[in-house]
Structures are given as structure tokens and as C-alpha cells.
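Here is the structure we will look at, set down as C-alpha cells.
Everything numeric in this text was worked out from a predicted model, so none of it was measured. So that the names make sense, note that chain A is the first sequence line, chain B the second, and so on, each numbered from 1.
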2 protein chains.
Amino acid sequence: MAKSTESQKTGEKLTRQRDAVLQVIRERADHPTANEIFQAARLRLPTISYATVYNSLRFLKEAGLVHEIKFGDSASRYDRETDRHDHAICTGCGKLVDFDLPQAAELMVVAARKSKFKPESVHLTLRGLCPDCRKTPSSTRV
Amino acid sequence: MAKSTESQKTGEKLTRQRDAVLQVIRERADHPTANEIFQAARLRLPTISYATVYNSLRFLKEAGLVHEIKFGDSASRYDRETDRHDHAICTGCGKLVDFDLPQAAELMVVAARKSKFKPESVHLTLRGLCPDCRKTPSSTRV
DNA sequence: ATGGATGCAAACAGTTTGCAACGAC
DNA sequence: GTCGTTGCAAACTGTTTGCATCCAT
């Protein structure tokens, strides 16, 4: 993620709680929800509140340090990967995986032509079974 | 407006309120939210309740008669188009437009290879400015 | 001393649900 | 009468906000 030379946050303050939230997101390979982030952040900073987690998430989003992923599902998930990328969602276990489609740029052009929109970004979502779930007969499902 | 209750699909009951909800969705070119559907349905059936609209939407979804679109935004939107298709969202005015990307099938394969998922469906979302908004100078926007 | 950040709880929006009354067969 | 549907309100979930307090400058 070479790009962001924005020298960490846009001149704003990365307080202890904001940093805790950021670290939580960065150290996880998955895409935690605000609630999961809250739980994990509390281990680092026992007094941090839910409100502060949300405030911090907003701050970090605006600073471009994290990325929010909203699917229909339920809660937003947060992603340490801030560059453009796509997502695959497992219909078996709900797992969310990042991947990048190199042809995204041309896709955007095609989609723009089709829709007559002036393109800004494209995002592709694949639904299917993750490697684990395609193995497993039925499921360990919710 | 063909009053034809068409093939009631799953053999379930298309009650007066469910039909009203379905008609509302079918007669609109846009993608109304549950609330908008509720407002419109009340014009047809003044006593219909919010709960019934939601119940009906669930029923219609399960019957495959309407399609639910959930973006991060806020409320779900409902779409009379039930075939696979993609969406463009205007970052200016929030307008939601359907379009179809013919190469979706191959995209799915590529995405599946990248993510190692067993593909089931793909959906592409374009963000950008709709024809109206790209015309308008700056904005009438929030 | 000041201004922004925190933490709590209460407010919100969207959606779902428990349950009694209702309607179709 | 039976069984599913309706309608109302209350419950729920995820998120946001008002406000007093706290903290780093």
C-alpha cells in the first residue's frame, strides 16, 4: 500500500483510543464489525467506549486509514486495506475475502457506458462458497 | 396495469395487501424503499400497516417476485427486476440505476479464480454521476 | 485556559416480532 | 373451526448524538 504518503492521518490527532482502534483493524486478517473492534479494543484500552469506537472509526475512515465495507448483511465491517479492491462473500459461512480484479478499470468504463454515468469507482462482489465451505459436506452453518 | 395476479408462483397466497405492494413496486421505475412503498401502498389500501408491508416484502422476495437491493446507504430498496443485473449509484443525488453487464459470466469466473471461491453470483456496483448530475454545475446536494 | 476527545446514556432509523383480532375457506 | 394474515405496538440491532467531564496543549 505504498501510495498513502498522507503521513498518517491528515494532521489530525491520532489519540490513544483512535490508535487502539486502528491497531485492532490492522492486526486482524479478517474484517471485523464495530462490535468486534470494540471488544478487541477494550483489551488494549479497558475504558474505551462504544461511542468512541464509532467516533474513531469515522475519524479513521475520513483520514483514509481504514475502509468501511457495507453489505446488506447487517453491520458494517472494517478493512485495513484502503486501496481499491473487490470482495467475495461466502454464502456458507459468511466469510469475507478481499481480492483484486485487475481489469476493474476497463470494467468501469464499460459499466459507465452502459449506465451513462460519469464513473468514479467500481466494486465487484462475488457470492459463492469459500475454500473451506466447498470442502465441507454440508455445514457448520448458522 | 394488468390486474392479472399472474401465476402466483409458489402457490402461496397473494393477498390484497401483498398484491398492492407488488403493484407499487412494479409500477415504479425507481427503486423505492420500504417506507416509500408503504406510503404508496396506503394510497391503494389505506389501512395497510408498516408491518404488513415488511411481511409482504419478505413474502414477495421469497416468491421471487421482487428483488431486494441493499447498499450501505441506509434502507433497503426494492426492485421489480428480478433477473441478474448490476447497479449504478449516483454520488450526486443518490439515484440508483439498473444496467446489465453482459460479460458478467466471465467476470464471475475470473473473480472465482482470484478468490478461490466456488462462484454463485457476481454483482457489480458503479459509483459516479448520473446524466442529470453531471450536467448540473455543482449541486443541489447535501 | 481552551478546544477537542471521551464516555455514558439516551435517541434514532430501519426492520422484525408477539399477539389479538380478522378473513378466507 | 382452522389456519394463515393483518395491524398495532413494542422490541431489536446497528449507529449516532447531546452533554458533562477529561486531557493535552
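In this model, the phosphate group of C:dT15 is approached by a side-chain N or O of B:Y54 to a distance below 4.0 Å at OP1 or OP2. Proximity of B:T33 to the phosphate of C:dG14: no side-chain N or O atom is located under 4.0 Å from OP1 or OP2.
Across the protein-nucleic acid pair, A:L14 atom CG and C:dT6 atom C1' stand 15 Å apart, rounded to whole Å. Whole-Å rounding puts the A:E36 CD to D:dG14 P distance at 10 Å. A:R77 places its CZ atom 10 Å from the P atom of D:dG14, with the value rounded to the nearest Å. Whole-Å rounding puts the A:I69 CD1 to D:dT15 P distance at 13 Å. Rounded to whole angstrom, the span from the CG atom of A:L60 across to the P atom of C:dA5 amounts to 12 Å. To the nearest angstrom, P of D:dT16 lies 14 Å from CG of A:N35. Atom CZ in A:R42 sits about 13 Å away from atom C1' in C:dG7, given to the nearest Å. The nearest whole Å value for the distance from the CZ atom in A:F59 to the C1' atom in C:dT6 is 14 Å.
Judged purely by distance below 3.5 Å, without hydrogens or angles, the side chains of A:Q17 and A:S56 never pair a donor atom with an acceptor atom. Side-chain polar atoms of A:R26 and A:Q23 form no donor-acceptor pair below 3.5 angstrom.
Cluster note: A:L43 groups with no other residue, as no ILVMFWY side-chain heavy atom lies under 4.5 Å from it. Through ILVMFWY side-chain contacts below 4.5 Å, A:L129 is grouped with nothing and stands alone. Annotation for B:M108: hydrophobic cluster partners, listed by chain and number, are A:V97, A:F99, A:L101, A:L107, A:M108, A:V110, A:F117, A:V122, A:L124, A:L126, B:V97, B:F99, B:L101, B:L107, B:V110, B:F117, B:V122, B:L124, B:L126 (ILVMFWY side-chain heavy atoms under 4.5 Å, direct or chained).
Partners of B:D86 by side-chain hydrogen bond (donor to acceptor under 3.5 Å, both in side chains), not counting sequence neighbours, listed by chain and number: B:R84.
Checked by atom type and distance alone, the side chain of A:R28 never pairs as donor or acceptor with a backbone atom of A:R80 at under 3.5 Å. A distance-only check finds no donor-acceptor pair linking the side chain of B:T52 to the backbone of B:I48 [under 3.5 Å]. At least one donor-acceptor pair closer than 3.5 Å links the side chain of B:E36 to the backbone N or O of B:T33.
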Between the protein and nucleotides 6-11 of chain D, list every N/O to N/O distance that falls short of 3.5 Å.
from	atom 1	to	atom 2	distance (Å)
D:dT6	OP1	B:T15	OG1	2.6
D:dT6	O3'	B:Q17	NE2	3.3
D:dG7	OP1	B:T47	O	3.2
D:dG7	OP1	B:T47	OG1	3.0
D:dG7	OP2	B:S49	N	3.4
D:dG7	OP2	B:T52	OG1	3.3
D:dG7	O5'	B:T47	O	3.4

Tabulated below should be each protein N or O lying under 3.5 Å from an N or O of nucleotides 1-3 of chain C; please produce it.
none

